[in-house]
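Numbering of residues begins at 1 and proceeds along the displayed sequence. It should be emphasised that the depicted structure is a prediction, and the values quoted were computed from it without experimental measurement.
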Amino acid sequence: MSRMTSSARPLLNRRLAEFGTTIFAEMSALALSTGAINLGQGFPDTDGPEEVREAAVRALRDGRGNQYPPGPGVPELRTAIAAHQQRRYGLSWNPDTEVLVTAGATEAIAAALLALVEPGDEVVALEPYYDSYAACVAMAGGRRVPVTLRADVEEGRFRLDLDELRDAVTDRTRLLLINTPHNPTGTVLTRAELAAIAELAVERDLLVVTDEVYEHLVFDDAEHVPLATLPGMRERTVTISSSGKTFSFTGWKVGWVTAAPELITAVRSAKQYLTYVSAGPFQYAVAEALALPESYFTDFRADMLAKRNLLAAGLQDAGFRVFRPSGTYFVTTDIRPLGESDGTAFCRALPERAGVVAIPNAVFYDHRAEGAPFVRFAFCKRTAVLEEAVRRLKGVASA
């Protein structure tokens, strides 16, 4: 037997041994095999603005980006990102030295952690967290330290315990990994909570990587506050965002990083050995998208708010306890009022029981028991699809 197929040594290195096929692949396959409505994976079922799509077609036809684009991203997009940050948040970034274009936010997270984390460093992250966080910390050789967002049934939201966050930081902590608006819980950290995080980072001299891909999807009276705007944070924060969630072109995989020059240099050093470059023609289109009038962002948010309300009300009527999100396009529910407690088993059975696919939140936790009763549904779908999903879910309690 050859060395490559010997059973004496596992082929997958031990850092990644705990990571198998993602839950998204499993549940999407279930949706296909059963014909169920897929409210699991977070991608829209319609394309974004026609003028943005046409900008990509124009770039293709004009030969812009059909060959390797510049490593940091095309100048037009880097300039547009800097202008967007200035216009929205008053953050001034130099497009040549403080902006880096990536293959989506997922690559940006990977490159940041690979660049900034040494083997053995601790990375404190808010649990539950997007599944790539854990894998990227592992690939960097770091040790993840989860701080759990706790369900507040009275207020219908998940809360961060700032004392627990402070207690999680040790002399081995290198970096805080923050996500707001937060996937999967829909929590939007308040200005006061972010100020406390900033104070802790400055006091303990920590770097912060902040994932803000849902920056344009905040609802009700919630406010998105970029961590880099707070005192002492600009020079220690790596801010990540992307075009996919805001413009509904998730397949284009155009993301970006903004940070001080030395942090951008570090992240670029890792990023260049991952994809090197990507999405050339799409970068020009996203540059135009970022310059769309304010009415686009207002209408986009209003459309998602209506869909949130539709799905949240339908889930509540079906017997779920609903945590109405202040941001993102996901609703987290508690299945215990349905007489259930195992979200993973519930989600695997749901396509046959009700013809709907959801995601068990337990996969986003290190402490699986904490997430066991919670299930996430995506509402970034056509209204008619959500209405049909709600109709199907009405009988789930008795199925």
Within a strict 4.5 Å, meaning less than it, do heavy atoms of the Phe320 and Leu338 side chains meet?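 Answer yes - side chains close enough.
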How would you list, by chain and number, every residue that makes a side chain to side chain contact (heavy atoms under 4.5 Å, CB included) with Pro226, sequence neighbours excluded?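 For Pro226, the residues satisfying side chain to side chain contact (heavy atoms under 4.5 Å, CB included) (neighbours in sequence not counted) are Tyr89, Leu91, Glu212, His224, Thr229.
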Give a yes-or-no answer on whether the side chains of [X] and [Y] include a donor-acceptor pair shorter than 3.5 Å.
| X | Y | answer |
| --- | --- | --- |
| Tyr130 | Thr106 | yes |
| Asp47 | Ser248 | no |
| Asn179 | Tyr214 | no |
| Thr187 | Thr185 | yes |

Point-to-point distance, once rounded to the nearest 0.5 Å, from CG of Leu39 to CG of Leu393: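 Answer rounded to 0.5 Å: 7.5 Å.
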Does [X] come within less than 4.0 Å of [Y], counting only side-chain N to carboxylate O?
| X | Y | answer |
| --- | --- | --- |
| Glu155 | Arg159 | yes |
| Glu127 | Arg144 | no |
| Lys253 | Glu107 | no |
| Lys245 | Glu215 | no |
| Asp45 | Lys381 | no |
| Asp96 | Arg78 | yes |
| Arg392 | Glu388 | yes |
| Arg324 | Asp220 | no |

Tyr296 vs Phe247, test: ring-ring contact (aromatic ring centres under 6.0 Å, His included). Steps then yes/no. CA-CA 9 Å; Tyr296 167 76; Phe247 301 111; 5.7 Å; yes
Under 3.5 Å: donor-acceptor pair, side chain of [X], backbone of [Y]:
| X | Y | value |
| --- | --- | --- |
| Arg191 | Glu223 | no |
| Ser278 | Thr275 | no |
| Arg376 | Gly40 | yes |
| Thr180 | Leu189 | yes |
| Ser28 | Ala25 | no |
| Arg234 | Ala228 | no |
| Arg157 | Ala151 | no |

Is Glu50 atom CD crowded by more than 12 heavy atoms from other residues, nucleotides or ligands, each under 6.0 Å away?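 Yes, the 6.0 Å shell around CD holds more than 12 heavy atoms from other groups.
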For Glu118, I'd like to know if atom CD has over 12 heavy atoms of other residues, nucleotides or ligands within 6.0 Å.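 No, CD of Glu118 has 12 or fewer neighbouring heavy atoms, counting only those of other groups under 6.0 Å.
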side-chain contact (heavy atoms from CB on, under 4.5 Å) between Asp121 and Leu175: does it pass, once the steps are laid out? CA-CA 8 Å; Asp121 283 348; Leu175 185 148; over 6 Å; no
Do the ring planes of His84 and Phe297 sit parallel (below 30°), tilted (30 to 60°) or perpendicular (above 60°)?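 Geometry flag for Phe297 against His84: tilted rings.
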Sorted by first residue and then second, give each ring pair (Phe, Tyr, Trp, His ring centres under 6.0 Å) pair with at least one member in residues 143-193; sequence neighbours left out.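 The answer is Phe158-Phe323, Phe158-Phe374.
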side-chain contact (heavy atoms from CB on, under 4.5 Å) assessment of Ile81 paired with Val101: CA-CA 9 Å; Ile81 292 165; Val101 177; 4.2 Å; yes
Work out which heavy atom in Tyr284 is nearest to a heavy atom in Ala59; give both atom names and the distance.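 Here Tyr284 and Ala59 meet closest at CB-CB, 4.1 Å.
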With side-chain contact (heavy atoms from CB on, under 4.5 Å) as the criterion, how do Trp256 and Ser241 come out once you've worked through the C-alpha distance, each side chain's angles and the decisive distance to 0.1 Å? CA-CA 6 Å; Trp256 52 82; Ser241 194; 3.5 Å; yes
For Phe379, does the six-membered ring have the charged nitrogen or CZ of Arg308 within the cation-pi criterion, i.e. under 6.0 angstrom from the centroid and within 45° of the normal?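 So Arg308 doesn't make the cation-pi contact.
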